[in-house]
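Only heavy atoms go into these numbers, but all of them, side chains included; no hydrogens, no water, no symmetry mates. These numbers come from a predicted model, not from an experiment. Protein chains get the first letters and strands the later ones, always in sequence-line order, with residue 1 at the start of each.
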There are 2 protein chains.
Amino acid sequence: MNNAWHTEMLAEGRVGDRRIGDRDIVDKVRRAVLMQRLPPGTKLPEVTLGEVFGVSRSVVRKALTRLASEHVIDQRPNQVARVRAPSIEETRETFDARRLVEGEVVALLAGRLPAEPMAALAEQVRGEVAAFERGDEPARIEHSLTLHHLLAEHSPNRVLGAMLTDLVLRTSIVIALYKRAGLASCYLAGDHSRLLAHLEAGDAEAARGDIHDHLNGLEALLDLSPREARIDLKSILGRAPEQA
Amino acid sequence: MNNAWHTEMLAEGRVGDRRIGDRDIVDKVRRAVLMQRLPPGTKLPEVTLGEVFGVSRSVVRKALTRLASEHVIDQRPNQVARVRAPSIEETRETFDARRLVEGEVVALLAGRLPAEPMAALAEQVRGEVAAFERGDEPARIEHSLTLHHLLAEHSPNRVLGAMLTDLVLRTSIVIALYKRAGLASCYLAGDHSRLLAHLEAGDAEAARGDIHDHLNGLEALLDLSPREARIDLKSILGRAPEQA
DNA sequence: GGGCAGCTTCTTGTATACAAAATATCGCCA
DNA sequence: TGGCGATATTTTGTATACAAGAAGCTGCCC
C-alpha cells in the first residue's frame, strides 16, 4: 500500500499541545483533497488514519462521517472510505447550483458590505494577484478560496451562506480533478476585482453577472469531455490508483 | 424527566426482524420532530435513546451526528443534544433559500417530466385534497411533504435536488413551530394543482412563480412577530420545557 | 492458462469500560 | 429567604475488545 501520504499529512503542521480532535482530522483531510495530495479513490482506512493522527478509531469515525456529509469522501457500509470522485455530470450540476446560490448571495450583498469586510475581500484579491504573478499556485488558490469563503460568511442569508460554503468546497475539488492537463493555473485576471467594484457600487445585478461570468470561465477551463473511461470506470469497476 | 416520548417513539412501529441501525433512529427522530411529538429544546441523551431503541451508544452517536448535519438537532460539545429551535430570523432565511432553490428546480422540471413521475405527483395532490376535506391533518402533511420530496428527487440537477430535500425538511419544522395558534391547517387550496398544470404545460417561469406564491402564502400563515421572548430566551437562557 | 472454491487477512460494526466535563443537589452562610 | 460553593450525579468523550463482513490470496481443478 502506498503510504506516502501518511507522513505528508503530518508534515502539514502539527496542532499545538491541544489534544487532536475530529475537527482537526476533517480539516487536514479536506485540505489534502483540495491540494490533490489525496487523489480520488484513495482508500482511507480507519486504523491507519488513527495511527497517523495518534487517536483511536472513535475519533476517526466521527471525522469520516463529517467528511462524508461534506461530500469529500464516499462512505459505504462495510467498506473502506474513499476520496470521492464526482462525475462529469455532477461537476456540471455543481457549477449550476453554485451559479444560482453565489449569484444570489452577491446580489444580496451588493451595497450592504461594511468597510471592514470589504477591506478583507480586497486584501484577498491583492494577495491572489501577487501570488499569481510570482507563480505561487497554492497560495493563489488559498487566496481565491478565502475570498469566496468570506462572501459566504458575510451572506445576509446564513442558510444560503452555509450552502455556498459547501458548494465552494465541492467546486474546488472538481476543478482540481478536471483541470486541463497543460494548464498551470485556473486564474481569470480581473474577475474578482470587477466583482468587488460592483459590490461596493451596490449594483446587485452586475455582481450576479460577474459571478455567472466567473464561474462560466472557470468551467470552460476544465476538461469535461464525455470520455467516461477515465474517472468513472476506475471508481466503479476498478481498484484504487495505488501505484498510478 | 418527562419520559412519555420513549414509548411514543417505539409505538411508531417496530422495524421488522432486521437489526436496528442508525438510519432507523434518524428516520424516527426526524419524523417525531416533524410531527411535533418532540418539541424544540427536548433533550436527547445518548443512553436513553440507546435503551429506547435497544442499541448501544455507538449507534445512537452516529445517528445524532447525522441529525445534526440535517439541522434537526443541536449538538454542542459536552452537552446533551437537543431538538433545534430555529429562530425567526433563520425561519425567514430558510424560506428565502427555498424560494430560490425550489423555484429553480421546478423551472428546470417544467415540460421535462415523464408521464410516470407526473402521475405520482398528481396522486399526491389528490391525496392531499382528500385528507384536507376529511380533516386528517397528519395525512395531509404527509402528502404535501411527499409531493415536494418527489420534486426534489426528480430534479434534473441532483445537487440542487439534495439541497431542496434539506430545505423542505427545515421548512416543515419551522412551519410546525411557528404556525399561528388558532390555525387548524397550513393548507393553500389549489396551489399544488396549479403548479402541476404549469409543469405539464412546460411553462418554466409560471412554475417558478407558483412556487414563490406558494411559499409566500405559507410564510404568511406563520406567526413571525419579533417578540423574542417566546422561543429564543427559552432555549438560550432557560431549561428544556419539561412539564410545559 | 483460466476460473473457481475455500481460507486467511484485513476492515468495519457494535458494545463496553473508563476518564473528563457539565449539570444538578445539598448545605452553609449572610 | 436568597445566594453561593462544594460535592455528587449525570452525560458526553475516548479508547479498546470482540464480532461480522468484505477483500484478497492460495491452490486446485478443468
Within the 3.5 Å criterion, strictly below it, is a donor on Arg140(A) or Ser185(A) matched to an acceptor on the partner's side chain?
yes

Whole-Å gap separating P (dT11(D)) and CG (Leu49(B)):
12 Å

Starting from P on dA20(D), measure out to CD on Gln79(A) and report it in whole angstrom.
20 Å

Report the residue (Pro77(A) or Ser58(B)) whose heavy-atom-nearest nucleotide on DNA chain D is the more 5′ of the two.
Ser58(B)

Quick one: is Arg61(A) getting a side-chain N or O under 4.0 Å of the dT12(C) phosphate, OP1 or OP2?
no

In this structure, how many angstroms lie between the C1' atom of dA22(C) and the CD atom of Glu46(B), rounded?
14 Å

Rounded to whole Å, the NZ-P distance (Lys62(B) to dA15(C)) equals 11 Å

Donor-acceptor check, side chain of Thr65(B) to backbone of Arg61(B), threshold 3.5 angstrom: yes or no?
yes

Length of the line joining Arg23(A):CZ and dG13(D):C1', which is rounded to integer Å:
16 Å

In whole angstrom, what separates Arg57(A)'s CZ from dT16(C)'s C1'?
14 Å

Do Glu142(B) and Arg31(B) sit within salt-bridge range, that is, some charged N less than 4.0 Å from a carboxylate O?
yes

Quick check: do Arg180(A) and Leu221(A) have side-chain heavy atoms less than 4.5 Å from each other?
no

Could you tell me how far apart Gln75(A) (CD) and dT12(C) (P) are, to the nearest whole angstrom?
9 Å

Rounded to whole angstroms, how far apart are CG on Asn78(A) and P on dA19(D)?
17 Å

